[in-house]
Amino acid sequence: FTKLQYKTYSMHSPHDLYIPEGAAGNQVAHMLWTLGYKTVAMVTKVSLPPDEEGVKHSKPNIPLPGKPIVWNHGLSPGMTLPRPDTPPRVLSRLHVTSEGLNHLHCLGAPEAKAYDIISVEPRSEKVWNSLTQSSHLSSMYDVISWDLTQRLPFHVKKSSVRVLDSRGVKIELRYA
């Protein structure tokens, strides 16, 4: 599933693109399959440190995507899968939370490019402006994610959203 296919993928079928990676995430993915979901994305979260003057940060550690889900895991011999149709498409997703600009270049690292979807959650106005104004950076990510359980630390202008839309970047609103 390439990034181009993701951007043009029809979202008319049920999907969940923010499932935590690991055993609990696998259980959620299986439950979503029984509910008829067609696409799921297993999320790996990375938090980038804020910029500090005079402090040199090491390169952020971006893990490679996790192992794919085994859809019949845990079934006894002779048991059937929860649904007779094909399992959902499983994408890998890197979710980067950033308060500073120093490490945004890591979005272009080979480890990051191994993911199907790359999302960025800006936690400062400096990061937001950089993400919306730099065409170089916008080619490195697919989704801007906003956590609406907290107040955004910057104002969102309609022109910035239009720029993101023209570049094919999606906006995700997380509210729970």
Side-chain angles (χ1 to χ4, degrees), residues 1-4 6-9 11 15-26 28-29 32 37 39-66 90-176:
F1 209 62
T2 65
K3 290 183 187 271
L4 181 61
Y6 163 71
K7 289 181 179 179
T8 59
Y9 177 71
M11 294 295 178
H15 62 280
D16 190 337
L17 299 178
Y18 201 89
I19 299 174
E21 209 170 50
N26 287 353
V28 170
L32 293 174
Y37 280 61
T39 306
V40 295
M42 305 305 284
V43 176
T44 301
K45 298 178 185 178
V46 174
S47 185
L48 301 180
D51 296 337
E52 296 177 28
E53 289 199 31
V55 176
K56 186 175 180 179
H57 294 286
S58 61
K59 181 181 172 187
N61 182 24
I62 297 179
L64 290 172
V90 180
L91 305 175
S92 60
R93 175 176 172 170
L94 176 65
H95 181 78
V96 178
T97 302
S98 180
E99 292 184 36
L101 300 175
N102 285 342
H103 295 297
L104 284 180
H105 65 277
C106 75
L107 297 175
E111 297 89 355
K113 290 181 179 180
Y115 287 86
D116 298 312
I117 303 170
I118 299 175
S119 62
V120 180
E121 182 179 340
R123 291 270 178 99
S124 72
E125 187 168 12
K126 217 190 290 186
V127 173
W128 167 249
N129 288 335
S130 179
L131 291 172
T132 57
Q133 294 171 3
S134 169
S135 59
H136 171 69
L137 271 178
S138 67
S139 66
M140 295 183 193
Y141 62 92
D142 305 297
V143 179
I144 291 273
S145 183
W146 292 330
D147 182 2
L148 296 183
T149 62
Q150 307 171 31
R151 185 179 175 94
L152 292 177
F154 50 85
H155 293 288
V156 178
K157 295 179 183 169
K158 193 184 245 185
S159 59
S160 298
V161 174
R162 284 188 182 143
V163 167
L164 291 173
D165 186 44
S166 70
R167 294 179 183 161
V169 175
K170 306 300 181 202
I171 294 177
E172 171 184 64
L173 305 175
R174 292 184 298 123
Y175 51 88

Donor-acceptor contacts under 3.5 Å from residues 147-159 side chains, at least two apart:
| unit_1 | atom_1 | unit_2 | atom_2 | d |
| --- | --- | --- | --- | --- |
| D147 | OD1 | T149 | N | 3.1 |
| D147 | OD1 | T149 | OG1 | 2.6 |
| D147 | OD2 | T149 | OG1 | 3.3 |
| D147 | OD2 | Q150 | NE2 | 3.2 |

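The two atoms that bring V127 and P122 nearest to each other are CG1-CB, 3.7 Å, heavy atoms only. When every heavy atom of I62 is checked against every heavy atom of L94, the shortest pair comes out as CG2-CD2, 3.9 Å. What you find for W128 and L164 is that their closest heavy atoms are CH2-CD1, 3.7 Å. In this structure, Y115 and S92 approach most closely via the heavy-atom pair CA-OG, 3.4 Å. Of all the heavy atoms in G100 and L104, the pair that sits closest is O-CG, 4.1 Å. When all heavy atoms are compared, the tightest approach of I117 to D142 is CA-OD2, 3.4 Å.
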Practice item. Please assess M42 against V90 for the test side chain to side chain contact (heavy atoms under 4.5 Å, CB included), listing each intermediate value before the final yes or no. Key: CA-CA 7 Å; M42 305 305 284; V90 180; 3.8 Å; yes
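Annotation: the span from E99 atom CD to S47 atom OG amounts to 6.5 Å, rounded to 0.5 Å. Once rounded to the nearest 0.5 Å, the distance linking CG of D165 with NZ of K170 reads 6.5 Å. The distance from atom CD of E21 to atom CG of N26, rounded to the nearest 0.5 Å, is 8.5 Å. To the nearest 0.5 Å, atom CG of residue L107 and atom CG of residue L48 are 7.5 Å apart. Taken from NE2 in H105 to CE in M140, the straight-line distance is 9.0 Å, to the nearest 0.5 Å.
Under the rule for a side-chain hydrogen bond (donor to acceptor under 3.5 Å, both in side chains), the partners of E172 that lie at least two apart in sequence or sit in another chain are R93, S145.
Here the options are L131, L137, T132, the test is side chain to side chain contact (heavy atoms under 4.5 Å, CB included), and the partner is S134; only L137 passes.
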